Amino acid sequence: MSNNLLKNKKVAIIGAGPVGLTMARLLQQKGVNVTVYERDKDAQTRIWGGTLDLHKGSGQDVLNQAGLLESYYATALPMGRTIADEQGNILFSQKLTPEQEHDNPEINRNDLRKILLESLASDTVIWDRKLVGLEAHDGKWILNFEHQLSTNADLVIGANGGMSTVRKYVNDDEIECTGSFMLLGDVSQPEITCPEFYQLCGDNRLMVANDGHLLVANPKNNGALTYGIIFKMPQEWNDGHELNCQDNDNVIQFLSTRFSHWHECYQQLFQSTSFFVGLQTKKIPLQHIWKVDRPLPITLIGDAAHLMPPFAGQGVNIGLVDALILSESLTTAKYETLEAALYAYEKQMMIYAAEAQFESSQNEREMHNSDFSFLNFFD
């Protein structure tokens with residue numbers, strides 16, 4: 001190890017998402033004793049959601065530092081873009097050239113987790129550990145999990161998403177709803193169940209915008225078609241009349257009615273959806289100073305630190321940058337104390353993450369304009 005800040009120290013990372021696992025990989029490369037605690041039951045637990053695209057200059061650079069960039073390229077799928085209107089007319093279509101195949105290829109979330117897990121020592125991740133609280137005791141953090149399980153660590157890194165239980169030990173920031181709602185859907189065997197929509201995609205990611213409603217679909221997500229629909233959340237949903245996303249028939253009826261003027265191929269898509277998840281888009285504004293009186297070393301990375309609307313493709317990429325900068329702060333001979341290393345990371349992170357948040361929020365506002373067009377992104 002090039003620095004003794006973490007010599008004989010135990011590092012606990014909370015959350016085995018891409019950011020937490022990458023953090024563990026970067027620290028293990030430097031010989032650090034690190035353990036990841038994850039609430040999922042085991043490594044086979046399916047992670048729902050659309051594919052991720054890692055950007056050059058951020059996510060891809062971090063994977064390169066972790067020695068995993070070639071594995072990402074080998075697993076991810078380069079995809080072009082198609083823009084259609086609500087009547088199923090193609091407005092723009094772009095296939096990738098061989099020179100562009102490494103420009104943000106799409107990777108299934110479970111595939112990315114597998115790459116990261118296989119890069120770690122076999123006992124790094126402890127599954128079925130839902131953190132319920134932390135205590136500072138005799139110079140160490142006591143981590144308390146469900147079922148009266150506990151362990152200790154010298155440094156805790158919260159990487160467990162926007163609803164992180166670690167955040168309250170680091171700052172008093174409140175999560176804010178941004179006013180948008182996302183419905184995420186999965187379609188099995190799309191070439192059979194919704195052939196007209198599948199053909200419209202044409203092996204590309206498909207994007208549709210109409211009167212403040214957006215649809216983004218990926219027809220090739222490990223054999224499934226995944227899509228997201230974004231719109232302003234109806235006011236009545238704030239008054240207890242929200243959509244029951246666990247009732248497929250209810251969601252399909254809602255979409256069929258709301259999008260009744262859209263082409264039949266979109267109705268076919270809704271009817272063939274086997275699984276829905278509904279989410280309010282949220283953010284954690286980075287405008288407050290984090291606590292300076294933390295009893296022991298502790299910090300946040302990824303969505304736990306800077307949850308943002310998913311409208312600029314920045315979330316996971318900025319989180320991976322967090323992991324790289326924090327790992328370097330902790331393992332280079334630049335700082336005399338863990339607290340100084342954490343402060344240096346947090347000071348940097350506040351700047352670039354706030355810029356990414358601003359971009360995401362600005363895109364969100366523009367997308368809800370009645371005249372918004374995805375074509376503006378390809379001018």
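Values in this document were obtained by computation on a predicted structure and should not be read as measured data. Atom set for the values below is all heavy atoms of this structure, side chains included, hydrogens, waters and symmetry mates excluded.
Donor-acceptor pairing under 3.5 Å is lacking for the side chains of S360 and Q357. Judged by distance alone, the side chains of H137 and N152 never bring a donor and an acceptor atom under 3.5 Å apart. Under 3.5 Å, the side chains of N250 and N244 contain no donor-acceptor pair of N or O atoms. Defined by atom type and a distance below 3.5 Å, a donor-acceptor pair is present between the side-chain atoms of T273 and Y227. Side-chain contact annotation: N210 with H261, donor-acceptor N/O pair under 3.5 Å present. N221 and T226 are linked by a side-chain donor-acceptor pair at a separation below 3.5 angstrom, with hydrogens and angles left out of the test. Between Q280 and S180, the side chains place no donor N or O within less than 3.5 Å of an acceptor N or O (distance only, hydrogens not considered).
Between K291 and D172 there is a salt bridge, since at least one side-chain N of the basic residue sits less than 4.0 Å from a carboxylate O of the acidic one. The pair D103-K56 counts as a salt bridge, with a side-chain nitrogen and a carboxylate oxygen less than 4.0 angstrom apart. Under a 4.0 Å N-O distance rule, the pair R129/D40 does not qualify as a salt bridge. Here E346 pairs with R294 in a salt bridge; the nearest charged N to carboxylate O distance falls below 4.0 Å.
Within the structure, salt bridge (charged side-chain N to carboxylate O under 4.0 Å, His left out) pairs that include any residue of residues 192-219 comprise E106-R205, D203-K220 (at least two apart or interchain). For residues 59-90, the set of pairs meeting the ring pair (Phe, Tyr, Trp, His ring centres under 6.0 Å) definition, not counting sequence neighbours, comprises Y73-H102.
Sparse packing is recorded around NZ of K347, with 12 or fewer heavy atoms of other residues, nucleotides or ligands lying under 6.0 Å away.
In this structure, R258 is positioned above the aromatic face of F231, its NZ or CZ under 6.0 Å from the six-membered ring centre and within 45° of the axis.
Put simply, the residue from N33, D154, L27 that forms a side-chain contact (heavy atoms from CB on, under 4.5 Å) with L6 is L27.
Annotation: F254 is in aromatic contact with W237 [ring centroid separation under 6.0 Å].
Judged as a side chain to side chain contact (heavy atoms under 4.5 Å, CB included), and not counting sequence neighbours, the contacts of E359 are A312, Q314, N363.
With hydrophobic clusters built from ILVMFWY side chains whose heavy atoms lie under 4.5 angstrom apart, L96 does not share a cluster with L206.
The two residues W141 and P295 have their closest heavy-atom pair at CH2-CG, 3.7 Å. Closest heavy-atom contact between T178 and P309: CG2-CG, 3.8 Å.
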